[in-house]
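Presented below is the structure to which this report refers.
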Amino acid sequence: MMSEYTLDRAKLQDVQRWVQQELKTSADFWLKNGMDAVNGGVYTCLDRKGEIYSTDKSVWMQGRCAWTFAYLCHVYGVKDEWLSASRSCLDFMEKYCINRSAGIRMYFQVTADGKPLRQRRYCFSEGFYAIANAEYYGITGDPVCLERARAAYKLIYELNNGLIADPTGLGPKGIPGVRDGRTLADPMIFLNITSVLRRVDPAHTAEYDAYADECVNKIFTYHMKPDMHCTLENVGMSGEFWKDVTVGRIVNPGHDIECVWFLLEYANYLGGEKGARIHVQAEQIFNWAIEAGWDKEYGGLLYFIDCLGKPPEAYEHDMKLWWPHNEILISSLMLYRDTKKEAYLDWFYKTVDYCKTYFADPEYGEWYGYLRRDGKPTMPSTKGSTFKGPFHLPRSLTMVDTMISQILK
């Protein structure tokens, strides 16, 4: 155990000031450059300076942006520009991003003015729609938003668990019966969605707790592999290890580390012996992922690794993406806060240094999204894309700011 007096408070305060400044510049970058004053919603395909290079809109990012700016209101107090940005994305989603012919299934991508472009099988659009509406409800008390959030939440649960056929008519991605399996993303993302809904909707706590328990059990029972010292992205229906194919050997260290703080939050919420057990297992997942994924030569976290050391199939496997580093910041600091083990504070500072050096852009604000293995941004560099918008970075910075204040107290 690390004694309280050994903490270098001045160093942590310096990091907090940097975090607060990066959060301000990130929020300002998206408010200034991304918000669509004509059609509503947000553009996220922005270059280094914030100029739009594609007007197609990611539905994920409409939900994520709506959640982010409502969450900023939750943590720091309501600002009109934050609440307006959240509402703009909520309204855009409601008007354009729901496939009404398939119930409340949502599109994946639409044009600037909301014409549908792409529909996908998985239901992450619905997940971000759910947390956006829930967070906005938590700020405003708008009951319609809570109804929308809970309807989407129910739909995701039914689809993830095969209780209903997909209303879009899209079948499974693979041939049924050949390699049926489980993916880590389903229980871990649903666990996080559950956490947001529980916080704003305590009337249904028992329901949320039951679903959270299901998610945790699936993660530990099927995906966590203590004998292999890793957590697998894809497994068979009973957790079988598909060792002879690349899809079965994939480890996404950033995904694992994001899953860690979802588990830690639930462990701390539960408390007691059960919470303590979950906390220890989450800590183990972090240790495996950071040790295996951290690039010993160039620093930073590799995007994909093969659990048996074989070549990963994804071309981008050795790139450094912004969001896994955001997740390290959250999980390492949360582990330090909870355990006072200095190793986690060391990982936090190591990641801060890497992010300052390679991801942050003091000249134009916001972080580069995609780096080559050596840390240089892909060219031409980008600050946003279909998959990168105002979400991982401001979420991380907000949570880190809050936790530093908790630790300093």
Side-chain angles (χ1 to χ4, degrees), residues 1-32 68-79 81-82 199 254 257-258 260-262 264-265 267-269 279 282-283 286-287 289-290 294 299-301 320 322-368 371 375 383 390-409:
M1 295 290 287
M2 183 179 177
S3 301
E4 179 70 20
Y5 67 85
T6 63
L7 176 67
D8 187 339
R9 297 176 64 86
K11 182 176 181 180
L12 196 55
Q13 287 168 336
D14 283 344
V15 171
Q16 186 174 32
R17 283 189 285 270
W18 175 76
V19 164
Q20 290 170 345
Q21 180 58 37
E22 289 299 302
L23 176 58
K24 181 181 185 305
T25 57
S26 174
D28 290 347
F29 180 90
W30 293 104
L31 289 171
K32 176 184 176 182
T68 294
F69 283 107
Y71 183 64
L72 289 176
C73 291
H74 166 70
V75 175
Y76 296 108
V78 174
K79 290 187 179 181
E81 60 181 350
W82 292 346
R199 172 165 51 80
I257 291 169
E258 183 179 24
V260 165
W261 72 259
F262 295 168
L264 293 175
E265 281 195 328
N268 291 335
Y269 162 76
H279 204 286
E283 185 178 352
F286 178 89
N287 291 336
I290 198 78
W294 192 266
L301 199 71
K320 312 293 168 61
W322 86 104
W323 70 263
H325 298 79
N326 294 152
E327 308 308 337
I328 299 174
L329 293 176
I330 297 171
S331 287
S332 62
L333 194 62
M334 194 175 291
L335 282 165
Y336 172 72
R337 181 198 66 188
D338 293 351
T339 69
K340 294 297 186 290
K341 293 179 182 178
E342 196 167 4
Y344 298 125
L345 190 60
D346 290 342
W347 276 118
F348 174 74
Y349 283 137
K350 190 173 186 176
T351 306
V352 166
D353 290 343
Y354 185 87
C355 294
K356 278 185 175 181
T357 302
Y358 296 108
F359 282 111
D361 182 6
E363 186 173 357
Y364 292 104
E366 184 51 38
W367 287 13
Y368 298 111
L371 310 179
K383 295 292 177 59
F391 181 62
H392 286 98
L393 177 59
R395 178 177 72 172
S396 170
L397 297 172
T398 300
M399 293 182 67
V400 166
D401 183 28
T402 300
M403 285 190 285
I404 291 177
S405 293
Q406 293 169 348
I407 292 167
L408 290 173
K409 287 180 181 178

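All values below were derived from every heavy atom in this structure, side-chain atoms included, with hydrogens, water molecules and symmetry-related copies excluded. Counting begins at 1 with the first residue of the sequence.
- A 6.0 Å sphere centred on NZ of K79 holds no more than 12 heavy atoms belonging to other residues, nucleotides or ligands.
- Because its NZ or CZ atom is not both nearer than 6.0 Å to the ring centre of Y358 and within 45° of the ring axis, K320 does not count as a cation-pi partner of that residue.
- By the 6.0 Å and 45° rule, K356 stacks over the aromatic ring of W18.
- Donor-acceptor pairing under 3.5 Å is lacking for the side chains of D8 and Y349.
- For the atom pair I404 CD1 and Y336 OH, the distance stands at 11.0 Å (nearest 0.5 Å).
- Between the side chain of S26 and the backbone N or O of E22, no donor-acceptor pair lies under 3.5 Å.
- Between the side chain of S396 and the main chain of H392, no donor-acceptor pair closer than 3.5 Å is present.
- A centroid separation of less than 6.0 Å is found between the aromatic rings of F286 and Y344.
- Of the candidates L264, V260, L335, L335 is the only one forming a side-chain contact (heavy atoms from CB on, under 4.5 Å) with E283.
- Formation of a donor-acceptor pair under 3.5 Å by the Q16 side chain with backbone atoms of D401 is found in this model.
- Judged purely by atom type and a 3.5 angstrom limit, K383 uses its side chain to pair as donor or acceptor with the backbone of G365.
- Between the side chain of R9 and the backbone N or O of L408, at least one donor-acceptor pair lies under 3.5 Å.
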